[in-house]
Amino acid sequence: LTRDKGKPHRYSPAVRRLAEEYKLDLSKIKGSGLGGRVTKKDVESYINTLESIKRNEP
Amino acid sequence: MSENQEFDIAIIGGGPAGYVAGIYAQQMGVRAVVIEKQYWGGTCLNVGCIPTKAMVSTVEVLKLARQGAEMGLKGDIEPDFDAIVARRDKVVKQLVSGVQGLLRSNGATQIFGEATIKTPNEIEVRTQEGTQTVRTRNILIATGSVPAKPPVEGMDLPGVVDSTGLLSLKEQPQELVIIGGGYIGIEFASIFVNLGTKVTVIEMLPRILAGYDEELTKRLQQLLQRDGVEFHLNAPVQAVEQGEGKLLVRYSENGQEKVAEGDVVLVATGRIPYTEGLGLDNLGVEMNKRAVKVDDRMQTNIPNVYAAGDVVAKMPLAHVAWTEAQVAVRNMLGKRTKMEYFAVPSCVFSVPEMASVGLTEQAAYEQGYEIKVGRFPFSANGRALGMGESQGLVKIISEADSGEILGAHILGPHASDLIAELTLAMEMGATAEDVDLTIHAHPTLPEAIQEAALATTGRAIHYIVK
Amino acid sequence: MSENQEFDIAIIGGGPAGYVAGIYAQQMGVRAVVIEKQYWGGTCLNVGCIPTKAMVSTVEVLKLARQGAEMGLKGDIEPDFDAIVARRDKVVKQLVSGVQGLLRSNGATQIFGEATIKTPNEIEVRTQEGTQTVRTRNILIATGSVPAKPPVEGMDLPGVVDSTGLLSLKEQPQELVIIGGGYIGIEFASIFVNLGTKVTVIEMLPRILAGYDEELTKRLQQLLQRDGVEFHLNAPVQAVEQGEGKLLVRYSENGQEKVAEGDVVLVATGRIPYTEGLGLDNLGVEMNKRAVKVDDRMQTNIPNVYAAGDVVAKMPLAHVAWTEAQVAVRNMLGKRTKMEYFAVPSCVFSVPEMASVGLTEQAAYEQGYEIKVGRFPFSANGRALGMGESQGLVKIISEADSGEILGAHILGPHASDLIAELTLAMEMGATAEDVDLTIHAHPTLPEAIQEAALATTGRAIHYIVK
Ligand SMILES: Cc1cc2nc3c(=O)[nH]c(=O)nc-3n(C[C@H](O)[C@H](O)[C@H](O)COP(=O)(O)OP(=O)(O)OC[C@H]3O[C@@H](n4cnc5c(N)ncnc54)[C@H](O)[C@@H]3O)c2cc1C
Ligand SMILES: Cc1cc2nc3c(=O)[nH]c(=O)nc-3n(C[C@H](O)[C@H](O)[C@H](O)COP(=O)(O)OP(=O)(O)OC[C@H]3O[C@@H](n4cnc5c(N)ncnc54)[C@H](O)[C@@H]3O)c2cc1C
């Protein structure tokens, strides 16, 4: 119901949960997991990067 | 509890949605109170999932024991209705006290009483000791559902019962007429026919278990017929009447007026959300017919009021109820979380079991998917043969292009165990090939899943795909 | 088959590795011949997985029926050894003819005879009708294994049997002494003790089921003891002697010389790869002790000769055998494929079952992982309680940092079903959180998996994690 036809979602539930919480677009995150899958750690480090960018902006 | 204490979350209803919300909120570090007016554990523990499954387990053993001769066993085993009921009630009691214990050890407050919401931050609770007011930042409505009463004459006759009534019978019915071929009706049919009751199921629709895969439900119907259940489909019930010492259920079938007789009539025509006395009108909570209307974060139109479980009527299942409840709690705590329903397993605990997740073949077609279907029968599975339970099959629906699993449907031994792998598969975005390439232990039932996944490509190892 | 026909793949051995290779090769579009000297289906179907599991299934029903009174059933059921054996043999027969049928329908050629490899492209087969030569592009050695005979006196006494001998007994042993507490010994112990045989297990190591999670094997040992099995650990056997009407098994335990008595002694001390008469010396095939040495593509040192299954002695399990076989076939056909062993489930079909995948807690520590361990007991699972089978637990090992599942271990009802979800989880790189966030149907046994996954974080919903 929630996914686009023909487009594999391939995001694990833990990854989807984190992306939702932080309003992230997962397609912007590069995956390091099995077969290029985005792992939770990838999302976490993406969040960290975003936050450090934010911190450095006045 | 002092009158003036304020909670972070007040939960109305101590069923699966409510008690899990209480446990979870405490674990998340906030103060929760759970208010329950009738029985801790709600429908599920007291008059739903648990008592029915305790009975089914007995029936499973009974059925296996009866096949004993084929398995190399001799002797006889017979059901003892009083003992089955007593044992069922013992299991319920144990789990109900378990739930209270869990709430306690997690530090949640329990109030036994009936709640009315006065303002978005105040709940009035009528307990045996009097009325008290609970102050709270957030409210979770988890008041569940009650059996629906169809607008048919004779629903109040003695001997006409809903599922709760059937579970409180002290004597085994001799002839049970079940109105409604949904999962509740079917589970009871399977239980009682194996205990020796004559069972008739009358269903308005052309098929039983609407919503489940039709190929499987037809097979299940055949298996239940073999056990002795009589089915009438396309058969709306007109009235129930008191005959001489029997109840008469009048229904029509193929344009003909017919009558089924029984000493007990089970009305199993669905359940409706329960919000009576909650004060939702006053509060201005938006409804969706009889259900509380929520968004995909389980939030109502009133920002700090959430709802979860049967009362929101999305998928009236215990595991959905407590998942929704946890989603609600997270959102209350500021953790944006969405409730997703695309991989929700559901089981029919007949003997044998049926279990399903995701889209049926039919639904996938209707939604415009190009699909592949893989089937594997348990009769080609070594373990099932060894168990003497080779009825049924596994059916997997994958998307033709990506190979991702869209749905899976299992009829057969331990179907309720087996569906878990495929649910995880869907959540992980696994393809049928991923499932096939995962090593499955031999000789086990899950091999049938692996082979069905492979069969989406048109071949299997231990079966000739036609 | 004409003498001069050349095959793409000639497979020596018709066990799980061999027959699946035959089926798979044909499905991949090449011509395969399978040569079997003794019984189609190999060890697994004839004297391994299948006959033992058919007996276990009977014992499972027997045990459930015996708990009948607790479940609300009355009456008695007793085992009938002759009937159990007859039924077991019927299941075996059915599956053996099934395997032959599968080979036939897939178009594979079957030759019943003993094979010797003459050159990398020529196999000599001695059949009842005489000797013939099979020409082939590739060879798969799938000759399996046979029971090991330990260098102990008395192994040839009448009544001293290996697993194959035990499965051909016409009479039930009264007192069975089992030398070896590996899975074969333990499965037979569980079967025979429930049938009423007095069972003693003598194991040289300090524990049974080495390689499995020790917490679980200790519990299983307790459960088997409760059924009546007597265990002697740290107990090397010195000799078996013929006493008066009884066999005497001499062993030492804690420095003391002891004797166990039985009318039958099962020697279950492992299996060794079988390559006799194959002509591997002549061919110059490199060996690894008694096993055929292969790389991770199942290729021997001779480019067109591959090997798979027990004969390569990686993990002597049927599902490993046929996975390796398919990997071999793919590589023969030029499809580079690697065999991976990190997520191989293995099951012990005792009653209750035990199942395991990936690393044990111990092994994870030893390999230097930082881990989290989540446990959930079946006594806190509603379905298990309903089934009256609340012994055992699920244990999940995750990597502390990533949360990925490194291993899972289950003791309890339907463990062999449940391990499949966790095997897929490992293959998909799922984290414990992914498993927890996957909705699991209520009330089902797989909920225990979800809760054990959650418990890796130090909490569970239906259990107080200490
Ligand atoms: C016969 C039967 C078999 C079933 N089998 C299964 C099954 O196998 N698997 C499955 O997933 N589902 C099953 N269900 C459905 C399952 O029971 C429900 O989906 C589940 O109980 C819903 O949980 P809930 O918390 O939303 O509501 P409920 O369990 O209905 O709990 C709601 C609670 O709220 C209390 N309450 C209501 N109003 C107030 C108030 N104003 N103040 C205080 N307390 C209040 C009620 O007393 C009740 O205890 C079955 C149902 C039935 C009837
Ligand atoms: C009691 C017992 C219980 C077991 N239970 C399980 C279980 O539950 N699950 C599990 O996964 N595994 C189990 N196993 C192990 C399983 O049986 C083996 O792992 C599996 O059979 C290995 O398959 P294979 O094809 O490599 O070898 P085998 O099954 O041993 O087959 C080899 C075949 O090759 C034939 N052969 C040998 N040499 C020649 C020759 N020169 N020419 C022609 N034919 C030849 C043999 O006759 C034999 O049929 C069990 C084993 C035993 C003994």
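In what follows, chains carry the letters A, B, and so on, assigned in the order in which the sequence lines appear, proteins first and then strands, with residues in each chain numbered from 1. These values consider heavy atoms only, across backbone and side chains, with no hydrogens, waters or symmetry-generated copies.
- Looking at Val435(B), the atoms closer than 4.5 Å to chain C (heavy atoms on both sides) sit in the backbone and in the side chain alike.
- Residues Val344(B) and Val357(B) have side chains not in contact (no heavy-atom distance under 4.5 Å, counting atoms from C-beta outward).
- With a 4.5 Å cut-off on non-hydrogen atoms, Tyr463(B) touches chain C through its backbone but not through its side chain.
- Between the CD atom in Glu340(B) and the CG atom in Leu437(C) there is a gap of 9.5 Å [rounded to 0.5 Å].
- Between His462(C) and His442(C), the two ring planes are parallel [angle under 30°; tilted spans 30° to 60°].
- Taking CG from Asn46(B) and OG1 from Thr43(B), the interatomic distance works out to 8.0 Å, rounded to the nearest 0.5 Å.
- Ala430(B) touches chain C through backbone and side chain together, each having a heavy atom under 4.5 Å away.
- Formation of a donor-acceptor pair under 3.5 Å by the Glu451(C) side chain with backbone atoms of Ala448(C) is not found in this model.
- Interface remark: of the candidates Leu317(C), Val320(C), Ile439(C), Ile439(C) forms the most heavy-atom pairs closer than 4.5 Å to chain B.
- At a 4.5 Å heavy-atom cutoff, Glu389(B) makes no contact with chain C through either its backbone or its side chain.
- Taking chain C as the reference chain and counting heavy-atom pairs below 4.5 Å, the highest number among Ile23(B), Val61(B), Val56(B) is found for Val61(B).
- Among the candidates Leu385(C), Asp82(C), Leu418(C), the residue making the largest number of heavy-atom pairs closer than 4.5 Å to chain B is Leu385(C).
- Proximity to chain C is limited to the side chain of Glu60(B), based on heavy atoms less than 4.5 angstrom apart.
- Within the 4.5 angstrom heavy-atom criterion, atoms from both the backbone and the side chain of Glu421(C) approach chain B.
- Listed options Ile419(C), Val85(C), Ile50(C) were ranked by heavy-atom pairs under 4.5 angstrom with chain B; first place goes to Ile50(C).
- One finds the CE atom of Met28(B) at 10.0 Å from the CG atom of Asn106(B) (value rounded to the nearest 0.5 Å).
- Proximity to chain B involves both the backbone and the side chain of Ala425(C), based on heavy atoms less than 4.5 angstrom apart.
- The greatest number of non-hydrogen atom pairs below 4.5 Å with chain B, out of Tyr19(C), Tyr24(C), Phe349(C), is found for Phe349(C).
- Heavy-atom distances place both the backbone and the side chain of Leu424(C) under 4.5 Å from chain B.
- Centroid-to-centroid, the aromatic rings of Phe378(B) and His414(B) stay 6.0 Å apart or farther.
- Met71(C) places none of its side-chain heavy atoms less than 4.5 Å from the side chain of Ile84(B).
- Evaluation of the side-chain contact (heavy atoms from CB on, under 4.5 Å) rule for Glu404(C) yields Ser402(C), Thr431(C) as partners, not counting sequence neighbours.
- Most heavy-atom pairs under 4.5 Å with chain C: of the set Met387(B), Gln94(B), Arg87(B), Arg88(B), this distinction falls to Arg87(B).
- When each of Ala318(C), Cys49(C), Cys347(C), Ala54(C) is scored by its heavy-atom pairs under 4.5 Å with chain B, the top score falls to Cys49(C).
- Using a 4.5 Å cut-off between heavy atoms, Thr323(B) touches chain C through its side chain atoms alone.
- Using a 4.5 Å cut-off between heavy atoms, Gln67(B) does not touch chain C at all.
- Contacts between Leu95(B) and chain C at a heavy-atom distance below 4.5 Å involve the side chain alone, from C-beta outward.
- In terms of modelled atom types and a separation under 3.5 Å, the side chain of Arg383(B) and the main chain of Lys53(C) share no donor-acceptor contact.
- Counting heavy-atom pairs closer than 4.5 Å to chain C, the top residue among Val91(B), Thr444(B), Leu102(B), Ile449(B) is Leu102(B).
- When atom types are taken as modelled, the side chain of Gln450(C) and the backbone of Asp436(C) share a donor-acceptor pair closer than 3.5 angstrom.
- Contact count versus chain C (heavy atoms, under 4.5 Å) is highest, among Leu445(B), Val99(B), Asp417(B), Leu422(B), for Asp417(B).
- Considering only heavy-atom pairs separated by less than 4.5 Å from chain B, the leading option among Gly75(C), Gly386(C), Ala83(C) is Gly386(C).
- Residue Ile77(C) holds its CD1 atom at 10.0 Å from CZ of Arg66(B), rounded to the nearest 0.5 Å.
- Between chain C and the options Ala355(B), Gly101(B), Pro443(B), the largest number of non-hydrogen pairs under 4.5 Å is found for Pro443(B).
- Between Trp322(B) and His440(C), a ring centre-to-centre spacing not shorter than 6.0 Å is recorded.
- In this structure, the portion of Ala460(C) lying under 4.5 Å from any heavy atom of chain B is its backbone and not its side chain.
- Residues Gln172(C) and Leu195(C) are in side-chain contact: their nearest non-hydrogen atoms beyond the backbone lie under 4.5 Å apart.
- Contacts of Asp76(B) with chain C are made by backbone atoms alone, with heavy-atom separations under 4.5 Å and no side-chain atom involved.
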